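Because only heavy atoms are used, hydrogens play no part in the values below, and waters and symmetry mates are left out as well, while side chains stay in. Predicted model, so just to flag it, every value in this text is computed and none were measured.
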Amino acid sequence: MNLSPDPRRFLYRDDALTPDSALRLTADALKGCDDGELFLQYTASESFGFDDGRLKTADFQTNAGFGLRGVSGETTAFAHANELSEAAIRRAAETMTVLDPARGARPAAPRRTNARLYTESDPLGLIPFSRKVELCQTIDAAARARDPRVAQVTVGLSGSWSVIEIVRADGFVAHDVRPLVRLGVQIVVEQNGRRETGYHGLGGRYLYDAFFEEGTWRRAIDVALGQALVNLDSVAAPAGEMTVVLGPGWPGVLLHEAIGHGLEGDFNRKGTSAFSGRVGERVAAPGVTVVDDGAIGERRGSLTIDDEGTPTQRTTLIEDGILKGYIHDRLNARLMGVAPTGNGRRESFSHAPMPRMTNTFMLGGTEDPGEILARAGNGIYAKSFGGGQVDITSGKFVFSCTEAYRIENGRLGAPLKGATLIGDGPTVLTRVAAIGNDMALDEGVGVCGKGGQSVPAGVGQPTLMIEGLTIGGTAA
């Protein structure tokens, strides 16, 4: 029998707020609204920064509060406070008076789920502080011992544990407990006065234990060091329009940014997305199937329920090149006459929810990655991406490659430095010429930004060949 304390003790105290009073206050505040909820949250988080052979930063903090949202028609009223008390909720309820009274029947409460996609254990308190610092020291020492060209090692370790409860005026109550951990290793190498950098990160909704397995942290070193050493031999990237082969896994961030945001319900309801009004039309090459799936166990972008209480699910957005639908929160789903997809997300209690991706990826095809490379002939192979800029509504993007190679006569050639991919998502989808059988999800480092809010997200894809993509390079 599990006798661990109820995690909701961080949200409710008899002298400030109880579950019964939260229900009563919510029902009273939102009685004239079409929809809305009281969102309660407690979060504990920590981070460690190990650099230049010593612990540079260590941080621990807790935060608690609520957000009260009322929705009438297309109008939202939202108030929040970093205080969990009846008095604070009553003050927030005054904001709801700006809304017009509801005119129609209220939408049904979210459906219930018995799923549990991750542990409820608190990762922060299970491993002592000293062991976390020791792990960072071990990684630093092992990385420096691997190669004499290693000039700097930076290790980042972080974790958070969040307890949320969603209370609705119709009596619906749901809660979730969300762990999240991340490990990152960055290595700088130097040779003949030239310095290059490599990075590898991993994480998800699980406990720190996996990071302490030697095979896990050694692989992080291997990947980061390998990337840095490859870049020591890199040459200036060419510029122009050419065939590009994208590697599996993390390069799916291009799909996420350039295409995924355009498939979110709010942009399509407002008609500002390149995909607006195109359900049922061909928007991508045959074979291209894109899904958003927030119900994959322990993934960084996964949630048992979204931040409105709707269970997450697998939603097919594009199937064999045909646009099938969008991802929705409750508001946009109601206004567009469809069902919510479990994609109402918010950064914290101080933010209102909006339609957001969870884990968004392209499904694999049937082609062997080696054969795809051979078919490419001449072009560029992009294995990993760093930063990028994207216009969400048009899908126009510029992405920088952190590891890329020239393709010459169907074989990998010299590593490239300074390669950028330039284009727009809707066009790129139509130029997919080959889809590999090696679909992979990223290893758990993605952060998605939208409307001033950041949330953890996952990406993925198989090896892809795209014809006629513009490359920005620095070669003369």
(message) Side chains of Arg345 and Thr312: any donor to acceptor distance under 3.5 Å?
(response) no

(request) Please test Leu421 against Ile471 for side-chain contact (heavy atoms from CB on, under 4.5 Å), starting from the C-alpha separation and ending with a verdict. (result) CA-CA 5 Å; Leu421 273 56; Ile471 304 299; 3.9 Å; yes

(request) Consider only side-chain N and O atoms of Thr43 and Ser45, and report whether a donor and an acceptor are under 3.5 Å apart. (result) no

(message) Please check this pair: side chain of Arg346 against backbone of Asp307, looking for a donor-acceptor N/O pair closer than 3.5 Å.
(response) yes

(message) For Phe10 and Trp161, take the angle between the two ring planes, folded into 0 to 90°, and tell me which bin it lands in: parallel under 30, tilted 30 to 60, perpendicular over 60.
(response) perpendicular

(request) Would you indicate whether Arg116, at its atom CZ, is surrounded by more than 12 heavy atoms from other residues, nucleotides or ligands within a distance under 6.0 Å? (result) no

(request) Measure from the ring center of Phe129 to the ring center of Phe48 and say whether it is less than 6.0 Å. (result) yes

(request) Using modelled atom types only, decide if a donor and an acceptor are shared between the side chain of Lys324 and the backbone of Thr315 within a distance under 3.5 Å. (result) no

(request) Decide side-chain contact (heavy atoms from CB on, under 4.5 Å) for Ile127 and Phe212; before the verdict, give the C-alpha distance in whole Å, the side-chain angles of both, and the deciding distance to 0.1 Å. (result) CA-CA 10 Å; Ile127 294 178; Phe212 285 81; 3.5 Å; yes

(request) Report yes if some heavy atom in the side chain of Val188 is under 4.5 Å from a heavy atom in the side chain of Thr154; otherwise report no. (result) no

(request) Could you tell me whether a side-chain N or O of Ser302 sits under 3.5 Å from a main-chain N or O of Glu298, the two making a donor and an acceptor? (result) no

(message) Keeping Asn343 on the side-chain end and Ile327 on the backbone end, is there a donor-acceptor pair under 3.5 Å?
(response) no

(message) For a 4.5 angstrom cut-off between non-hydrogen side-chain atoms, does Tyr206 reach Pro179?
(response) no

(request) Check for a donor-acceptor pair, side chain of Asp329 on one end and backbone N or O of Gly344 on the other, with a separation under 3.5 Å. (result) no

(request) Measure from the side-chain N and O atoms of Asp320 to the backbone N and O of Gly287, and report whether any donor-acceptor pair falls under 3.5 Å. (result) yes

(request) For the pair Gln186 and Thr197, evaluate side-chain contact (heavy atoms from CB on, under 4.5 Å) and give the outcome as yes or no after the intermediate values. (result) CA-CA 7 Å; Gln186 179 176 287; Thr197 302; 3.5 Å; yes

(message) Has Thr430 got a side-chain atom pairing as donor or acceptor with Ala284's backbone, closer than 3.5 angstrom?
(response) no

(request) For the residue pair Asp292 and Thr358, confirm or rule out a side-chain donor-acceptor distance under 3.5 Å. (result) yes

(request) Return yes when atom NZ of Lys270 has more than 12 non-hydrogen atoms of other residues, nucleotides or ligands closer than 6.0 Å, and no otherwise. (result) no

(message) Could you measure the distance from the CZ atom of Arg205 to the OG1 atom of Thr304? Nearest 0.5 Å is fine.
(response) 8.5 Å

(message) Using ring centroids (six-membered ring only for Trp), state whether His256 and His261 fall under 6.0 Å.
(response) yes

(request) Pick out which of Leu412, Val245, Leu416 makes a side chain to side chain contact (heavy atoms under 4.5 Å, CB included) with Tyr405. (result) Leu412

(message) Determine whether a donor-acceptor pair (N or O, by modelled atom type, separation under 3.5 Å) exists between the side chain of Arg278 and the backbone of Val283.
(response) no

(message) In this structure, is the centre-to-centre distance between the rings of Phe39 and Phe349 below 6.0 Å?
(response) no

(message) Pair Arg219, His200 - check side-chain contact (heavy atoms from CB on, under 4.5 Å), show working.
(response) CA-CA 9 Å; Arg219 181 172 176 273; His200 184 67; 3.5 Å; yes

(message) Strictly below 4.0 Å, N to O, side chains only: are Asp293 and Arg314 in salt-bridge contact?
(response) yes

(request) Over 60° means perpendicular and under 30° means parallel, so classify the ring planes of His328 and Tyr326, tilted if in between. (result) perpendicular

(request) Verify the distance criterion only: is there a donor paired with an acceptor across the side chains of Ser47 and Ser158 at less than 3.5 Å? (result) no

(message) So does Pro355 get a backbone contact from the side chain of Lys450, meaning a donor-acceptor N/O pair under 3.5 Å?
(response) yes

(message) Tell me if a side-chain donor or acceptor on Ser121 pairs with a main-chain N or O of Pro123 at a distance below 3.5 Å.
(response) no

(message) Within a 6.0 Å radius of atom NZ on Lys383, are there more than 12 heavy atoms belonging to other residues, nucleotides or ligands?
(response) no

(message) Could you tell me if Ser162 and Gln41 have a donor-acceptor pair between their side chains, going purely by distance under 3.5 Å?
(response) yes

